[in-house]
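Working notes, structure below.
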There are 2 protein chains.
Amino acid sequence: MTYTITDLSKMFNLPASTIRYYEKIGLLENVEHQGSYRRIFNDSHVDRLNAVECFKKALLPLDEIKLFFTYEKDMEKNSEKILEMMKNQEVKTLESMEALQAGLTHLQKKIRFYTLVSEAVKNKTPMPRWEDVN
Amino acid sequence: MTYTITDLSKMFNLPASTIRYYEKIGLLENVEHQGSYRRIFNDSHVDRLNAVECFKKALLPLDEIKLFFTYEKDMEKNSEKILEMMKNQEVKTLESMEALQAGLTHLQKKIRFYTLVSEAVKNKTPMPRWEDVN
DNA sequence: TGTTGAGTTAAAGTTAACTTCAAGTTGTAT
DNA sequence: ATACAACTTGAAGTTAACTTTAACTCAACA
């Protein structure tokens, strides 16, 4: 199967400029350029973009993602390096999750508190204290 | 209690330049400047920085954090606005959590796969297939 | 008195990941 | 033939959240 840049743009909900950018920095390789005319992508590029999106969700930076793909070309030789990279990122991702969870908890506490404040204002009852939501 | 910039720097594990920056953009208010000499912070600044760090963990941008503090000055009047802001951010934070969780799952699948690859290389046994880790 | 160390300023620089721009090219529809 | 839409390029611009730089100022200590 072949795809235009607009096909991929719609498939991945990414602006065409981003897809061009990914090619430019080497995340997408061997893209056919019909003369100096249009790009033609194939299923390998779809797979790549899928992988890129997954790694992006894990907060892996683009240059690391690129490095992963170069390692992956000789995975027998590079499996240890890949493993190290993935495990390092796992730690970072878990740390981000913890921070995010803490942030969410804080947010939800604020929501509980200001819900009480809103009610107190509406009903002209006494203001809540911050301790009330602990 | 009063604090120097280095005290806060150590307390919050933030570079002094970041604390100055926070003052500059209005996240820290009413900081005493002993002549054109040193900053003197107090417990209200410690509270502020604690709140800032919590909101940062929830991925709230600094300008929104600042807005929150201005709303908070008249919380009876602004409780609805604060509530809206916090609820919006809660949605975004939850979305980030989901993406992060998906990313982590992807990462851990790669880890399982390349662990098998490493073992296969070491033991000179056949390479695993990607389906083996599903 | 001179040096040191902690702090000050405004302004410029950094980073990642895009995004926008201006000018040009190509295939197709009228 | 001409207009149009979709695509191309390299280069410059954008954003948030800092960080760095260079030149300066105190207070305290030897």
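The figures that follow rest on heavy atoms only: side chains count, while hydrogens, waters and symmetry mates do not. Note on naming: letters A, B, ... go to the chains in the order of the sequence lines (proteins, then strands), and numbering restarts at 1 for each one.
- Going from atom CZ of B/R38 over to atom P of D/dA28 covers 9 Å, rounded to whole Å.
- In this structure, A/K56 reaches the C/dC18 phosphate: one of its side-chain N or O atoms is under 4.0 Å from OP1 or OP2.
- Atom NZ in A/K24 sits roughly 15 Å away from atom P in C/dT20 (whole-Å rounding).
- For C/dT9, the OP1/OP2 oxygens have a side-chain nitrogen or oxygen of B/H33 closer than 4.0 Å.
- Looking only at atom types and distance, the side chain of B/K109 has a donor-acceptor partner in the side chain of B/N134 under 3.5 Å away.
- Between the side chains of B/T125 and B/E119, no donor-acceptor pair of N or O atoms lies under 3.5 Å.
- OP1 or OP2 of D/dC18 has at least one side-chain nitrogen or oxygen of B/Y22 nearer than 4.0 Å.
- In this model, the phosphate group of D/dA6 is not approached by any side-chain N or O of A/T6 to a distance below 4.0 Å at OP1 or OP2.
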For residues 50-63 of chain B, please give each side-chain donor-acceptor pair under 3.5 Å, one per line with the distance, not counting sequence neighbours.
from	atom 1	to	atom 2	distance (Å)
B/E53	OE2	B/K56	NZ	3.1
B/K56	NZ	B/Y22	OH	2.8

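- Atom NZ in B/K66 sits roughly 15 Å away from atom P in D/dC18 (whole-Å rounding).
- No contact: A/I25 has no heavy atom under 4.0 Å from any strand.
- Taking atom CD on A/E32 and atom P on D/dC7, their separation rounds to 16 Å, with Å as the unit.
- Electrostatic pairing of B/K73 and B/E29 counts as a salt bridge here, judged by a charged N lying under 4.0 Å from a carboxylate O.
- In this structure, A/L27 atom CG and C/dA16 atom C1' are separated by 13 Å, rounded to whole Å.
- Put simply, CG on A/L8 is 11 Å from P on D/dT8, counting in whole angstrom units.
- The B/L62 side chain lies nearest to D/dC18 when the options are D/dT8, D/dC18, D/dT19.
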May I have the step-by-step check of side-chain contact (heavy atoms from CB on, under 4.5 Å) for A/Q89 and B/K110, ending in yes or no? CA-CA 11 Å; A/Q89 189 58 37; B/K110 291 280 177 197; over 6 Å; no
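- Rounded to a whole Å, the OH atom of B/Y21 is 16 Å from the P atom of C/dA11.
- Neither OP1 nor OP2 of D/dC7 sits under 4.0 Å from any side-chain N or O of A/R39.
- Comparing A/R20 and B/I40 against DNA chain C, the residue whose closest nucleotide sits nearer the 5' end is B/I40.
- Checking the phosphate oxygens (OP1, OP2) of D/dA17, no side-chain nitrogen or oxygen of B/T18 falls inside 4.0 Å.
- For A/L49 and C/dC18, the CG to P distance is 11 Å, given to the nearest whole Å.
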